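Here the structure is a predicted model, which is why all the values come from computation and not from measurement.
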Amino acid sequence: MGGRVWNIEVIRSDEGIIFTTGWSEFFAHHSLNFGYFVVFEYRGNSTFFTSILDHSACEVHMDAPIASSSSSQPLPSFQITMSARSFCHRCIYVPGTFARTHLPRFVNEVQIHDAAGRVWQIGLDRRGNGIVRRIARGWAAFYSTKNISPGDTCVFELINSDIPAFNVYTVAAGGRQLL
């Protein structure tokens with residue numbers, strides 16, 4: 001994920017393969033939670049490519065290096081590849097590391113700014129400690145209006161962290177497009 005290389009020691013036991021040294025750092029960095037699914041694709045020479053899927057089966061990418069349209073400095077962002085399951089649940093999970101690092105605790109909603117200048121108020125669900133868990137109430141109306149479909153990748157670019165506000169882009173082969 002993100003092109004970073006993680007060195008994780010693997011041992012074989014009677015129970016199967018066990019990750020040891022380095023796994024706890026990988027686990028913490030990616031904010032893995034119960035119900036997340038890590039896909040390992042073997043690339044040869046003891047090297048794997050990983051994909052992480054959240055509770056709604058959306059692929060999670062953290063701090064995607066996408067430059068802001070108004071600045072040459074990248075803004076904090078994350079991206080989610082939408083799955084059919086995420087449409088059934090009508091919410092998407094915010095990566096825990098992103099939420100802890102960039103979003104205030106105990107916030108109840110975020111704003112999503114679209115290309116037409118409309119501001120969408122989207123409700124949030126939080127963990128008990130106040131950290132944002134997922135984007136929920138109002139998200140279904142947004143993705144329906146914007147014709148977001150399973151397989152689309154959405155980039156959430158944080159444009160204000162005091163009153164959380166995002167520009168949301170879809171990413172395709174031809175570049176990104178503000179919704």
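Of all heavy-atom pairs spanning I92 and M82, the tightest one is CG2-CE, 3.8 Å. The nearest pair of heavy atoms linking I80 to Y93 is CD1-O, 3.7 Å. The shortest heavy-atom contact between A99 and I131 is CB-CG2, 3.8 Å. Listed here is the closest heavy atom pair of L103 and L158: CD2-CD1, 4.0 Å. Minimum heavy-atom separation, S161 to P104: O-CD, 3.3 Å.
Atom CD of E157 sits about 12.5 Å away from atom CD1 of I112, to the nearest 0.5 Å. Summarising the geometry, atom CZ belonging to R118 is positioned 9.5 Å from atom CZ belonging to F142; distances are rounded to the nearest 0.5 Å. The line from OH of Y143 to SG of C154 is 11.0 Å long, rounded to the nearest 0.5 Å. The distance from the OG atom of S77 to the CZ atom of F98 is 7.0 Å, given to the nearest 0.5 Å.
With sequence neighbours excluded, the residues forming a side-chain hydrogen bond (donor to acceptor under 3.5 Å, both in side chains) with R137 are D125, listed by chain and number. With sequence neighbours excluded, the residues forming a side-chain hydrogen bond (donor to acceptor under 3.5 Å, both in side chains) with E109 are Q121, listed by chain and number.
Separation of the F166 and W139 ring centroids does not fall under the 6.0 Å cut-off.
Cluster annotation: I159 is not connected to I163 through the hydrophobic network of ILVMFWY side chains, with a link wherever side-chain heavy atoms come within less than 4.5 Å.
A 4.5 Å side-chain heavy-atom check between F78 and P95 finds at least one atom pair inside the cut-off. Side chains of N160 and Q111 form no contact here, defined as non-hydrogen atoms less than 4.5 Å apart. V155 places none of its side-chain heavy atoms less than 4.5 Å from the side chain of V168.
Judged purely by atom type and a 3.5 angstrom limit, R127 uses its side chain to pair as donor or acceptor with the backbone of V132. The backbone N or O of E9 sits less than 3.5 Å from a side-chain atom of T20, completing a donor-acceptor pair.
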Given the rule in the side-chain contact (heavy atoms from CB on, under 4.5 Å) test, do Q79 and F156 qualify, once you have shown the distances and angles that lead to the verdict? CA-CA 6 Å; Q79 66 184 38; F156 293 79; over 6 Å; no

With side-chain contact (heavy atoms from CB on, under 4.5 Å) as the criterion, how do I8 and T21 come out once you've worked through the C-alpha distance, each side chain's angles and the decisive distance to 0.1 Å? CA-CA 6 Å; I8 299 172; T21 307; over 6 Å; no

Kindly indicate, with the supporting measurements, whether the criterion side-chain contact (heavy atoms from CB on, under 4.5 Å) is fulfilled by V94 and R133. CA-CA 6 Å; V94 176; R133 180 172 181 229; over 6 Å; no

Tell me, with the steps shown, if D152 and T81 meet side-chain contact (heavy atoms from CB on, under 4.5 Å). CA-CA 6 Å; D152 289 349; T81 301; over 6 Å; no

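Between F19 and W23, the ring planes are parallel. Angles under 30° get that label, and only those over 60° would be called perpendicular.
Think of I11 as one node in a network of Ile, Leu, Val, Met, Phe, Trp and Tyr side chains linked at under 4.5 Å; its network also takes in I18.
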